[in-house]
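The shown structure was predicted, so the numbers you read here are calculated from the model rather than taken from an experiment. Residue indices begin at 1 and follow the sequence shown.
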Amino acid sequence: MTDALRPWPCIAQARMRRLPRQPFFLAGRRVGSVASALLPGLQALDPALHLAADGLHAPAALADAEQATAWFTPLNLRLQAQGWVRGWRHEWLPVTDPAGPADAPPLAVIERAAARFWGTLTLGAHANGYLADPLGRPTHLWLGRRSTTKPTDPGLLDNLVGGGVPLGQTPFETLVREGWEEAGLGAEVMQAARRGRVMRLARDVPEGLQFEHLFAFDLQLPPGLEPCNQDGEVAGFHCVPVAEAAAVAQAGEMTVDAALVTLDFCLRHRLLPEPVLQAQAQAAAHLWWEPPAIQTI
């Protein structure tokens, strides 16, 4: 098999699981997972956690989301003090049942930095910002270079816009907000974004487990409009030919999320040679997912 036909590394990385984890249950529902190696220490921090044959269970006395949130918050602070929760974002994410209805109310709310420790479902939204020829065919992609001070993937290349979906927003609403914060693009520009595929990730990361539904969007930008970072999280932007963007994504110079979103863009717009398109589409087919409804969490 030639290098061009080999699956992009991000495809395998999206589901790379090597560390054993135990299912984690809240209110009788499986909402995440916890690294097996950390179970003794975790139970020492909170003896009310119960390890059963099917996995780790939160205290049964947590009757509602308010009580569950009140239980999580001090425990996550202790986990941060232990170094098991990395950083603190001061952003809230819901704890949901991945097998339940997309619009079901959260079972609890937790600090964003703790989500990967608990392996709970998160949502992400990324946009491919592109230029097109007179016929509408994409010719160039805008890539951002992540700041070296970012807590995750510092210095790697990224899509034009990308971010995690916080409590109370849809992926599209997050995309519009991030468009200004990361690229200086107003809502009137971002509203033109069109959704691509949704990718399902479940992979080991230094913070724990990235269990995520990643929403891809396309945003055509006019020539001459240059993105400008507003929040200090992007070191700079570069507009490169599509083939060059595909090459750096395949070479592992992008974050895994950004490489997957770039691959999705190339496949949907048929921007790779036909044999390569077929090979990569077949390799990545298990990652694509169509949610029953746009999730608001």
Side-chain angles (χ1 to χ4, degrees), residues 13-100 104-124 149-154 163-169 200-213 256-257 295 297:
Q13 291 168 332
R15 296 288 180 88
M16 189 171 290
R17 298 281 307 279
R18 292 175 176 167
L19 301 177
R21 299 179 66 88
Q22 285 288 327
F24 173 60
F25 294 85
L26 175 64
R29 302 179 189 179
R30 180 172 175 171
V31 297
S33 62
V34 176
S36 299
L38 300 181
L39 289 178
L42 182 57
Q43 288 182 284
L45 288 177
D46 192 330
L49 284 161
H50 172 61
L51 184 60
D54 60 348
L56 185 69
H57 290 253
L62 302 177
D64 56 32
E66 184 176 354
Q67 290 184 4
T69 299
W71 171 76
F72 266 117
T73 301
L75 177 56
N76 285 334
L77 286 169
R78 293 197 294 272
L79 292 172
Q80 184 202 30
Q82 292 280 345
W84 292 347
V85 167
R86 303 189 179 195
W88 203 260
R89 303 290 191 89
H90 300 285
E91 298 177 22
W92 293 104
L93 294 184
V95 177
T96 61
D97 178 358
L107 299 173
V109 175
I110 61 174
E111 153 67 27
R112 176 179 173 179
R116 292 183 176 180
F117 175 87
W118 296 103
T120 54
L121 175 65
T122 58
L123 304 184
T149 62
K150 288 278 286 184
T152 56
D153 299 323
V165 179
L167 181 71
Q169 286 190 354
R200 296 181 292 183
L201 289 77
R203 68 186 189 103
D204 292 331
V205 293
E207 302 84 8
L209 180 74
Q210 181 186 8
F211 175 37
E212 186 158 291
H213 293 168
V256 172
D257 295 14
Q295 290 156 297
I297 62 173

How far apart are the closest heavy atoms of [X] and [Y], and which atoms are they?
X      : Y      : result
Gln67  : Ala63  : OE1-N, 3.0 Å
Arg21  : Gly208 : NH1-C, 3.7 Å
Leu49  : Pro59  : CD2-CD, 4.5 Å
Leu26  : Ala58  : CD1-CB, 3.7 Å
Ala202 : Leu209 : C-CD1, 4.1 Å
Pro106 : Ala65  : O-CB, 3.5 Å

Worksheet item: Which is it for Met16 and Asp204 under the side chain to side chain contact (heavy atoms under 4.5 Å, CB included) test, yes or no, and what are the steps along the way?
Response: CA-CA 6 Å; Met16 189 171 290; Asp204 292 331; 5.8 Å; no

Worksheet item: Is there a donor in the side chain of Trp88 and an acceptor in the side chain of Asn76, or the other way round, less than 3.5 Å apart?
Response: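 No, Asn76 and Trp88 have no side-chain donor paired with an acceptor closer than 3.5 Å.
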
Worksheet item: Is the shortest heavy-atom distance from the side chain of Phe211 to the side chain of Thr120 under 4.5 Å?
Response: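 Not touching, per the 4.5 Å side-chain cut-off.
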
Worksheet entry | Side-chain heavy-atom pair Val85, Glu111 within 4.5 angstrom cut-off |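 Not touching, per the 4.5 Å side-chain cut-off.
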
Discussion item. Just checking Gln43: does its CD atom have more than 12 heavy atoms from other residues, nucleotides or ligands closer to it than 6.0 angstrom?
Written reply: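 Yes, enclosed.
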
To the nearest 0.5 Å, what is the distance between [atom1] ([X]) and [atom2] ([Y])?
X      : Y      : atom1 : atom2 : answer
Arg78  : Leu42  : CZ    : CG    : 9.5 Å
Phe72  : Leu107 : CZ    : CG    : 9.0 Å
Leu39  : Leu51  : CG    : CG    : 6.0 Å
Ile110 : Trp118 : CD1   : CH2   : 8.5 Å
Leu93  : Leu123 : CG    : CG    : 9.0 Å
Thr122 : Arg116 : OG1   : CZ    : 6.0 Å

Fill in: Criterion side chain to side chain contact (heavy atoms under 4.5 Å, CB included) against Phe25, the qualifying member of Asp54, Asp97, Leu56
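In the set Asp54, Asp97, Leu56, the residue that makes a side chain to side chain contact (heavy atoms under 4.5 Å, CB included) with Phe25 is Asp54.
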
Worksheet item: Testing Glu212, Arg15, Arg18, Gln210 for side chain to side chain contact (heavy atoms under 4.5 Å, CB included) with Arg203, which one passes?
Response: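 With Arg203 as partner, Glu212, Arg15, Arg18, Gln210 yield a single side chain to side chain contact (heavy atoms under 4.5 Å, CB included), made by Gln210.
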
